Engineer: 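What follows is a single structure, and I will ask about it in a moment.
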Amino acid sequence: MKKRLMQLLFLSVVAVTVALSLWGPEAFSRYQDRKLWGAVHQVEAGLTGEGYRYVLSGNEKLFILSRALDSQKRQESGQGSANFAWIVNHRGPSETEISEEEIYERCNGGLRQLKDKGILPEEVKDVDPELYNAVLYSAIDAREPRSHVPVWKVSLSSSLRNVKKENRVMEVYLDGETGEIYQFYVRISHTWEELDPESITDAWNQYLGLSDMEAYDQGNPLTEATPYVKKYLLSGMEGEKTVVTIGFYEGIRELFLSVSPER
């Protein structure tokens, strides 16, 4: 009799355990929902002001930058693209971005790095805050706005007169967070024949830590205002690629490196 009672008790415990495992979580969830209905609760999210933002690689940043700059050109000619945007950042730098007070120093630091790597000639002058303008932009992928690239554009002021431009930076585009230089237009005293565009591009590639760059010989020469160009393809996003162009305007002796979409 005692053994029979023990068996019944054991079976009852097993039955209750099985029932709780099947019904318990759902019932508890409904109970918790009823506690939340009609009430206001405060939760510490632990997020920054900008929220989560995917960390982009160098290749991805250049891809977004090239599309955003191209979109701006198309908008100016009445052929705007809705997928990317190049806009002035009116809110100002965030805590993780380079401030307006330090951008010139960071720009000169970047120029020194390019000189040390043989990308720019040693004769190129530092940017002087009294001669240059700095504007913070955002290159935005409208399909995923959180994946944006903050970019400082530092350019020689157009209002200046009688300023010698030889060995001066005309425009330079820097990553708004790291200060790395993505594009530049610089007047130099050298000729195209004295330059080694392949070595310059290879050094720039290593400087930014890029990957999968290859020579590109299928570009349309009519899209360039100079015959002195070398083009390279760089892997981007979603199977698309970015064109990296190293070129030279002979009349004004301006060396440039720019990025653009593959056509």
Side-chain angles (χ1 to χ4, degrees), residues 53-77 79-87 110 113-114 117 119-120 136-154 170-186 195-226 228-249 254-263:
R53 182 155 64 92
Y54 172 70
V55 178
L56 299 164
S57 68
N59 287 51
E60 291 171 328
K61 287 181 177 182
L62 286 175
F63 175 86
I64 294 173
L65 174 61
S66 69
R67 267 62 182 178
L69 290 173
D70 183 68
S71 176
Q72 178 67 15
K73 291 178 182 178
R74 288 173 172 270
Q75 286 178 356
E76 291 173 353
S77 62
Q79 306 174 24
S81 171
N83 288 337
F84 295 88
W86 174 252
I87 60 175
Q113 284 184 286
L114 297 191
K117 295 180 180 297
I119 299 170
L120 291 178
L136 180 61
Y137 289 86
S138 289
I140 300 174
D141 182 346
R143 301 166 300 178
E144 181 52 69
R146 289 178 298 179
S147 295
H148 71 276
V149 183
V151 179
W152 276 103
K153 177 183 176 182
V154 179
M170 303 306 292
E171 285 183 358
V172 62
Y173 295 72
L174 305 94
D175 187 290
E177 294 179 329
T178 67
E180 293 172 318
I181 293 177
Y182 290 146
Q183 286 197 160
F184 59 77
Y185 297 80
V186 181
L195 300 173
D196 186 345
E198 185 173 351
S199 295
I200 290 173
T201 311
D202 286 343
W204 177 79
N205 183 36
Q206 294 174 11
Y207 158 70
L208 291 178
L210 306 174
S211 60
D212 303 321
M213 187 156 71
E214 59 188 70
Y216 180 53
D217 298 322
Q218 300 178 15
N220 182 358
L222 297 178
T223 61
E224 298 295 339
T226 172
Y228 303 110
V229 294
K230 288 281 188 178
K231 292 178 178 287
Y232 300 84
L233 275 182
L234 186 69
S235 62
M237 299 172 69
E238 301 175 357
E240 297 186 60
K241 296 191 175 184
T242 303
V243 177
V244 177
T245 301
I246 179 77
F248 185 75
Y249 298 122
E254 185 169 289
L255 175 67
F256 68 91
L257 189 150
S258 63
V259 294
S260 59
E262 182 183 10
R263 299 296 186 204

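These figures come from a predicted structure and were not determined experimentally.
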Engineer: To the nearest 0.5 Å, tell me how far Asp141 CG sits from Asn83 CG.
Structural biologist: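 So the CG of Asp141 and the CG of Asn83 are separated by 7.0 Å.
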Engineer: Roughly how far, to the nearest 0.5 Å, is OH of Tyr232 from CG of Asn205?
Structural biologist: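 Reported to 0.5 Å precision, the distance equals 10.0 Å.
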Engineer: Step by step, work out the side chain to side chain contact (heavy atoms under 4.5 Å, CB included) result for Val172 and Tyr185.
Structural biologist: CA-CA 6 Å; Val172 62; Tyr185 297 80; over 6 Å; no
Engineer: Strictly distance-based, threshold 3.5 Å: is any side-chain N or O of Gln206 a donor or acceptor partner for the main-chain N or O of Ala203?
Structural biologist: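 It does not hold such a pair.
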Engineer: Within the structure provided, determine whether Glu171 and Lys153 are in side-chain contact (heavy-atom separation under 4.5 Å).
Structural biologist: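 In contact.
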Engineer: Donor-acceptor pair, Thr201 side chain versus Pro197 backbone, under 3.5 Å?
Structural biologist: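 Yes; judged by distance alone, with no hydrogens or angles, the pair exists.
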Engineer: Is there a side chain to side chain contact (heavy atoms under 4.5 Å, CB included) between Leu233 and Glu262 once you walk through the steps?
Structural biologist: CA-CA 8 Å; Leu233 275 182; Glu262 182 183 10; 4.0 Å; yes
Engineer: Does Asp175 come within less than 4.0 Å of Lys61, counting only side-chain N to carboxylate O?
Structural biologist: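 Yes, Asp175 and Lys61 are salt-bridged.
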Engineer: If you measure from CG on Asp212 to CG on Asn59, what distance do you get to the nearest 0.5 Å?
Structural biologist: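 With rounding to 0.5 Å, CG (Asp212) is 6.5 Å from CG (Asn59).
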Engineer: Specify the closest pair of heavy atoms between Ile64 and Ser147, including all atoms of both residues, with the distance to one decimal.
Structural biologist: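 Where Ile64 meets Ser147 most closely, the heavy atoms are CD1-O, 3.4 Å.
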Engineer: Should Ile140 and Ile87 be marked as a side chain to side chain contact (heavy atoms under 4.5 Å, CB included) after you check the CA-CA gap, both sets of side-chain angles, and the distance that decides it?
Structural biologist: CA-CA 8 Å; Ile140 300 174; Ile87 60 175; 3.6 Å; yes
Engineer: Would you call Glu238 and Arg143 a salt bridge, taking side-chain N to carboxylate O under 4.0 Å as the test?
Structural biologist: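 Yes, charged N to carboxylate O under 4.0 Å.
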Engineer: For the CE atom of Met170 and the CG atom of Leu255, what is their distance to the nearest 0.5 Å?
Structural biologist: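 Going from the CE atom of Met170 to the CG atom of Leu255 covers 13.0 Å.
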Engineer: Got a salt bridge between Glu198 and Lys230, using NZ or NE/NH1/NH2 to carboxylate O under 4.0 Å?
Structural biologist: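 No.
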Engineer: Can you check whether Tyr207 reaches Ile181 side chain to side chain, under 4.5 Å on heavy atoms?
Structural biologist: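 Result yes, sub-4.5 Å side-chain heavy-atom pair found.
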Engineer: Rounded to the nearest 0.5 Å, what separates atom CD in Gln183 from atom CG in Leu69?
Structural biologist: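 That separation rounds to 5.5 Å.
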Engineer: Check Met213 against Leu234 and note the closest heavy-atom contact, atom names and distance.
Structural biologist: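 Looking at all heavy atoms of both residues, the closest pair is CB-CD1, 3.8 Å.
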Engineer: With Ser260 as reference, evaluate Leu65, Val244, Val243 under the side chain to side chain contact (heavy atoms under 4.5 Å, CB included) test and give the passing residue.
Structural biologist: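 Filter result, single survivor: Val243.
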Engineer: Using the side-chain hydrogen bond (donor to acceptor under 3.5 Å, both in side chains) definition, which of the options Gln72, Arg67, Arg74 pairs with Asp70?
Structural biologist: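 In the set Gln72, Arg67, Arg74, the residue that makes a side-chain hydrogen bond (donor to acceptor under 3.5 Å, both in side chains) with Asp70 is Arg74.
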Engineer: I'd like to check Tyr182 versus Leu208 (side-chain heavy atoms, cut-off strictly below 4.5 Å). Are they in contact?
Structural biologist: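 In contact.
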Engineer: Tyr249 vs Phe256 aromatic rings, parallel, tilted or perpendicular, using cut-offs 30° and 60°?
Structural biologist: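 Aromatic pair Tyr249/Phe256 classed parallel.
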Engineer: Testing the 3.5 Å rule here: is there a donor-acceptor pair between the side chains of Ser235 and Lys241?
Structural biologist: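 Short answer, no.
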Engineer: Can you check whether Leu174 reaches Val154 side chain to side chain, under 4.5 Å on heavy atoms?
Structural biologist: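 Result yes, sub-4.5 Å side-chain heavy-atom pair found.
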Engineer: Is there a side-chain contact between Phe248 and Glu254, using heavy atoms and a 4.5 Å cut-off?
Structural biologist: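 Heavy-atom side-chain distance check fails, nothing below 4.5 Å.
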Engineer: Please report the closest heavy-atom contact between Leu120 and Phe184, naming both atoms and the distance.
Structural biologist: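 Nearest heavy atoms, Leu120 then Phe184: CD2-CE1, 3.7 Å.
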Engineer: Once rounded to the nearest 0.5 Å, what's the spacing between atom CG of Leu257 and atom CD1 of Ile119?
Structural biologist: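 Nearest 0.5 Å value for the CG-CD1 distance: 8.0 Å.
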Engineer: Classify the angle between the aromatic ring planes of Tyr137 and Trp86 as parallel (below 30°), tilted (30 to 60°) or perpendicular (above 60°).
Structural biologist: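 Answer is parallel, since the angle falls under 30°.
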Engineer: Measure across Gly58 and Leu210 and return the closest heavy-atom pair with its distance rounded to 0.1 Å.
Structural biologist: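 In this case the closest contact between Gly58 and Leu210 is C-CD2, 3.7 Å.
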Engineer: For the pair Ser66 and Phe84, evaluate side chain to side chain contact (heavy atoms under 4.5 Å, CB included) and give the outcome as yes or no after the intermediate values.
Structural biologist: CA-CA 9 Å; Ser66 69; Phe84 295 88; over 6 Å; no
